[in-house]
Amino acid sequence: MTDTRPDGAGPDGAEPRGIARGLTSYGDAGFSLFLRGAYARGAGLTPEDLARPIIGIAQTWSEFNPCHRHLREVADAVKRGVLQAGALPLEFPTISLGEIYLSPTSMLFRNLMAMDTEEMILGQPMDGVVLLGGCDKTLPAQLMAAASADRPAIVVTAGPMLTGHHEGARLGACTDCRRFWGEHRAGTLDAARLEAVQGELFPSAGTCMVMGTASTMAALTEALGLTIPGMAAVPAPLARRLRLAEAAGRRIVEMVREDLRPSKILTRAAFENAVRVLMAIGGSTNAVVHLPAIAGRAGVPLDLDDFDRAARATPLLANVRPSGAYHMEDLAEAGGIPAVMKVLRPLLNLDALTALGEPLGAVLDGVPEPGAWQDAIRPLDRPLKPEGGLAILRGTLAPDGAVLKVSAATPALLAHRGRACVFRDLDDLAARVDDPALAVTPDSVLVLQNAGPVGGPGMPEAGSLPIPKKLLAAGVRDMVRISDARMSGTAGGTVVLHVAPEAAVGGPLALVRDGDEIILDAAARRLDLLVPEAELARRRAAWRRPEPPVRRGYRRLFVERVLQAPEGCDFDFLR
Ligand code: FES
């Protein structure tokens, strides 16, 4: 504290650092600094502590977020690294979004967490930040915040759970949550066995251990260059994760000294790499919302065509559920995301700068090729599928685009013509989907309206509509399903998502009626509603915007200012 001026600036008038950064406004900078020092001493800190750079650790441990229940131990490891490198670690809480505990959907709160995290990075005196996150929306929110705050930042992901076991089979959450629940609904799994499965689906701390949204976003955080390499796939309970966390603690101190900020890492080249990796891992459709949101914060253009181009030119390499056969711990054993990127190397921008301060190419030079003994990462000449996992569809039903996870769909349904069975919202779906009188056949196309960013609100993960019970009982396990909602990255099926514009703002999805013919042609990237334009015009004239589902507070802000899915569902005033 002695080498700062009373106004908190450094001796040469440079931007204040450490404890002197961003003083509280009392109209007397000297008093502000004096008072802050007094309170810091009250916390047991010494002048020696306060002379160091300060590293904030954004903590998302919460008893409402079981995926993060080990993050206090992880924070301790980060602190060891920060102290080793000569800085002062100070942990602070932010909002934590536990996917399964939040109502109506965690996505409603992603932007709130991003705002919270950004403002706490900027509002508190820290020179750099380590972001601890993992469960689906936490990493996107933290990356959005880091891009906007643009203070040196590195991410320590929570890591996936270990797999569970049941009757000799390995269990992966939540691909198996859905599969076993579907069997229970179909009457092929009784309540006692379902209860036994429930106890094994989440056997350890960590995030869902298939290539769901959490694993996908961890992989993409690594692909963007914002982690220590190898961070994404290592299971949460392993000691290796603590060693990686400690390394991140050391590295963030160097990043502060190098002034290595997210704006130098989150470039167009980095986002192109992330989109490539998304396709190569068969990642979650949710990334098609989150990456544009993060890019929007970084001022990098990224649209749906970027995803489709990459999908057509990137083979599916990661043999991980729900698109493949293995789990995240197998991917980690095979070398993790660095090994995937090593195989993908000819398709990546190798000059993209990483948090290590080195370009990606130099980082990959030190990564071994995945061994021939493993099958979790395929070589380029023997991919799981020749094209990436996702397809961007357009057509009269989705003029601004829609997303289909081809890798997890039923091949026979990828070219399909069927009649619509329409549910006007989630309540209607819940009330009627199992009605024995529902006019539906295996060839029908299930359509859900008003479950998008505004209509949901918050674009819930309701796009994987349940198969009607009477069809389940007849052995049907997949149908073409279309909505403006999202889908869990752990789910599968022939599910068209993120239809834009959404129904609640008057997109064509709002005009679909029972019995209308719909054509899905994934190879041609088309999604069309076969209704004459004159009839659509008549329906459009009669359409009334639904009453906003919320009237006050943050939820009102959300429905008034949220952007559509292709723009990442960020708020218009935050991009
Ligand atoms: Fe947290 Fe799946 S519920 S990662």
Side-chain angles (χ1 to χ4, degrees), residues 59-72 74 94-110 113 131-143 155-164 170-181 197-222 227 231-238 241 278 281-287 289-290 320-323 327-329 331-332 337 405 408 458-464 486-492:
Q59 176 59 278
T60 52
W61 175 90
S62 162
E63 287 188 314
F64 286 101
N65 192 347
C67 307
H68 290 197
R69 72 177 159 87
H70 57 307
L71 289 189
R72 292 199 284 198
V74 172
T94 71
I95 293 173
S96 183
L97 303 176
E99 191 65 22
I100 309 304
Y101 283 87
L102 281 161
S103 172
T105 170
S106 65
M107 184 64 180
L108 185 65
F109 308 104
R110 184 202 63 178
M113 180 176 172
L131 300 151
L132 309 187
C135 194
D136 294 21
K137 307 306 176 297
T138 57
L139 287 175
Q142 291 178 325
L143 295 177
V155 180
V156 173
T157 57
M161 285 180 260
L162 296 167
T163 46
R170 292 169 85 192
L171 299 183
C174 243
T175 303
D176 285 319
C177 318
R178 295 168 205 288
R179 185 168 67 83
F180 281 105
W181 183 249
V197 167
Q198 189 187 42
E200 286 300 316
L201 281 167
F202 298 90
S204 77
T207 51
C208 293
M209 61 292 226
V210 298
M211 193 56 80
T213 303
S215 296
T216 299
M217 292 312 301
L220 301 189
T221 305
E222 190 167 328
T227 67
M231 183 69 78
V234 174
L238 297 196
R241 175 154 295 282
L278 172 67
I281 61 176
S284 165
T285 48
N286 282 318
V289 177
H290 297 317
V320 179
R321 300 175 75 196
S323 299
H327 295 89
M328 289 301 287
E329 64 195 68
L331 184 70
I337 298 305
K405 190 170 189 173
M459 212 180 172
E461 289 189 338
S464 177
R486 295 175 304 113
M487 173 176 86
S488 165
T490 62

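For ligands, and for the atoms within them, numbers begin at 1 and follow the listed sequence. Here the structure is a predicted model, which is why all the values come from computation and not from measurement.
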Side-chain donor-acceptor pair under 3.5 Å between R178 and S488, yes or no?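 Checked: R178/S488 side chains pair up, N/O donor to acceptor below 3.5 Å.
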Under 3.5 Å, is there a donor-acceptor pair between the T60 and H68 side chains?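 Looking only at side-chain atoms, H68 and T60 do form a donor-acceptor pair, the distance falling under 3.5 Å.
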Could you tell me whether any N, O or S atom belonging to H68 is less than 2.8 Å from atom 1 (Fe) of ligand 1?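 No, H68 does not qualify, because none of its backbone or side-chain N, O or S atoms lies under 2.8 Å.
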Short list, please: which atoms of ligand 1 are under 4.0 Å from a heavy atom of [X]?
{"X": "C67", "result": "1 (Fe), 3 (S), 4 (S)"}
{"X": "C135", "result": "1 (Fe), 3 (S), 4 (S)"}
{"X": "D136", "result": "2 (Fe), 4 (S)"}
{"X": "A214", "result": "4 (S)"}
{"X": "T207", "result": "4 (S)"}
{"X": "E99", "result": "3 (S)"}

Which protein non-hydrogen atom lies closest to atom 2 (Fe) of ligand 1, naming both residue and atom, and how far is it?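 The closest heavy atom on the protein side is C208 SG, 2.2 Å.
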Of H290, Q142, E99, which meets side chain to side chain donor-acceptor pair (under 3.5 Å) against K137?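 Answer to the side chain to side chain donor-acceptor pair (under 3.5 Å) test with K137 among H290, Q142, E99: E99.
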[X] side chain to [Y] main-chain N or O, any donor-acceptor pair under 3.5 Å?
{"X": "T207", "Y": "G159", "value": "yes"}
{"X": "R241", "Y": "T157", "value": "yes"}
{"X": "K405", "Y": "S323", "value": "no"}

